[in-house]
Amino acid sequence: MNINAAFSSNYLRAVDLKGKDARVTIESFKIEQGSDAKELPVLRFKNKEAGFVLNKTNANIIQGSFGDETDDWIGRELELFVAQVAFKGEMVDGLRVRVPQQGEQKA
C-alpha cells in the first residue's frame, strides 16, 4: 500500500496525478472554508471528486488565458502537472496548470 493513500484529502495533491499529466474541464469556482476556517479559492472539475485549491501562480495563469471573470472559466480545459516548487524553504512536488494550445481545446 502506498502511504499517501492512507491520508485522504478533499483537495487534489501532486501525488494524486501518479506521475501523469491530467486534462480536466472546469466545472465550478467557489470560495470554500478550509479545515482551519481559512477561505480557499477552489476549482472543481468534471468527473473529479477532489477540488483544486488555487494559489496565486496558478490563478494568474488561468486568468491570463480566460480573463478576470471566473464564470467565464466554466467549461474551459486545463492540464494539471507536477512541478518542483518552493514551499517553506524546501523544494517539493506541487501542482501547476497550463492551458492547452487553442487547437488542443475541445469545443
Side-chain angles (χ1 to χ4, degrees):
M1 174 180 193
N2 185 313
I3 190 62
N4 293 304
F7 300 99
S8 65
S9 175
N10 292 331
Y11 302 108
L12 287 172
R13 304 167 297 167
V15 68
D16 296 330
L17 293 188
K18 299 176 182 169
K20 298 179 184 176
D21 295 355
R23 176 78 60 106
V24 294
T25 302
I26 300 171
E27 186 171 69
S28 67
F29 172 86
K30 293 182 189 175
I31 302 296
E32 298 183 7
Q33 295 291 102
S35 59
D36 59 357
K38 184 177 178 183
E39 291 186 339
L40 303 171
V42 177
L43 286 179
R44 297 276 172 184
F45 303 118
K46 291 181 181 178
N47 303 316
K48 299 276 185 202
E49 275 190 48
F52 178 65
V53 178
L54 278 179
N55 62 20
K56 189 69 171 171
T57 300
N58 288 331
N60 285 340
I61 291 167
I62 298 167
Q63 177 188 24
S65 290
F66 302 147
D68 297 339
E69 181 53 57
T70 58
D71 288 344
D72 295 338
W73 300 1
I74 308 306
R76 300 294 192 107
E77 288 190 331
L78 296 173
E79 288 179 353
L80 304 179
F81 64 97
V82 175
Q84 286 283 294
V85 299
F87 181 72
K88 296 184 179 180
E90 293 187 33
M91 296 304 291
V92 299
D93 284 343
L95 288 175
R96 287 290 185 247
V97 300
R98 66 178 152 246
V99 177
Q101 297 298 317
Q102 198 159 359
E104 297 175 355
Q105 286 272 347
K106 291 182 185 174

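If you read the sequence from its start, that first residue is 1, and numbering goes on from there. Owing to the predicted nature of the structure, the values given are computational and were not obtained by experimental measurement.
Looking at E79 and R98, a side-chain N of the basic residue comes within less than 4.0 Å of a carboxylate O on the acidic one, giving a salt bridge.
The closest side-chain heavy-atom distance from N55 to R96 is below 4.5 Å. R13 has its side chain out of reach of L95: every pair of non-hydrogen atoms, C-beta onward, lies at least 4.5 Å apart. Proximity of V42 to I31: side-chain heavy atoms (C-beta onward) are nowhere separated by under 4.5 Å. F66 places none of its side-chain heavy atoms less than 4.5 Å from the side chain of D72.
Rounding to the nearest 0.5 Å places CG of L80 at 10.5 Å from CZ of R23. Note that CD of Q63 and CG of N58 are 12.5 Å apart. Values are rounded to the nearest 0.5 Å. We find the CH2-CG distance between W73 and L54 to be 6.0 Å, quoted to the nearest 0.5 Å. In this structure, L78 CG and I62 CD1 are separated by 4.5 Å, a value rounded to the nearest 0.5 Å.
The backbone N or O of T57 lies less than 3.5 Å from no partner atom in the side chain of N60, so there is not a single donor-acceptor pair.
Other residues, nucleotides and ligands contribute only 12 or fewer heavy atoms inside 6.0 Å of the CG atom of N47.
The heavy-atom pair separating I74 from S28 by the smallest distance is CD1-CA, 3.5 Å. When all heavy atoms of L17 and A22 are compared, the pair lying nearest together is CD2-CB, 3.7 Å.
Among residue pairs with one or both ends in residues 83-94, those qualifying as side-chain hydrogen bond (donor to acceptor under 3.5 Å, both in side chains) are Q84-D93; sequence neighbours excluded. Applying the salt bridge (Lys or Arg N to Asp or Glu O under 4.0 Å) definition to pairs two or more places apart or across chains, those involving residues 33-44 are E32-R44.
Under the 4.5 Å side-chain heavy-atom criterion for grouping Ile, Leu, Val, Met, Phe, Trp and Tyr, F81 is not connected to V99 through any hydrophobic cluster. With hydrophobic clusters built from ILVMFWY side chains whose heavy atoms lie under 4.5 angstrom apart, V82 does not share a cluster with V53.
Note: F45 and F52 have tilted aromatic rings, judged against thresholds of 30 and 60 degrees for the angle between ring planes.
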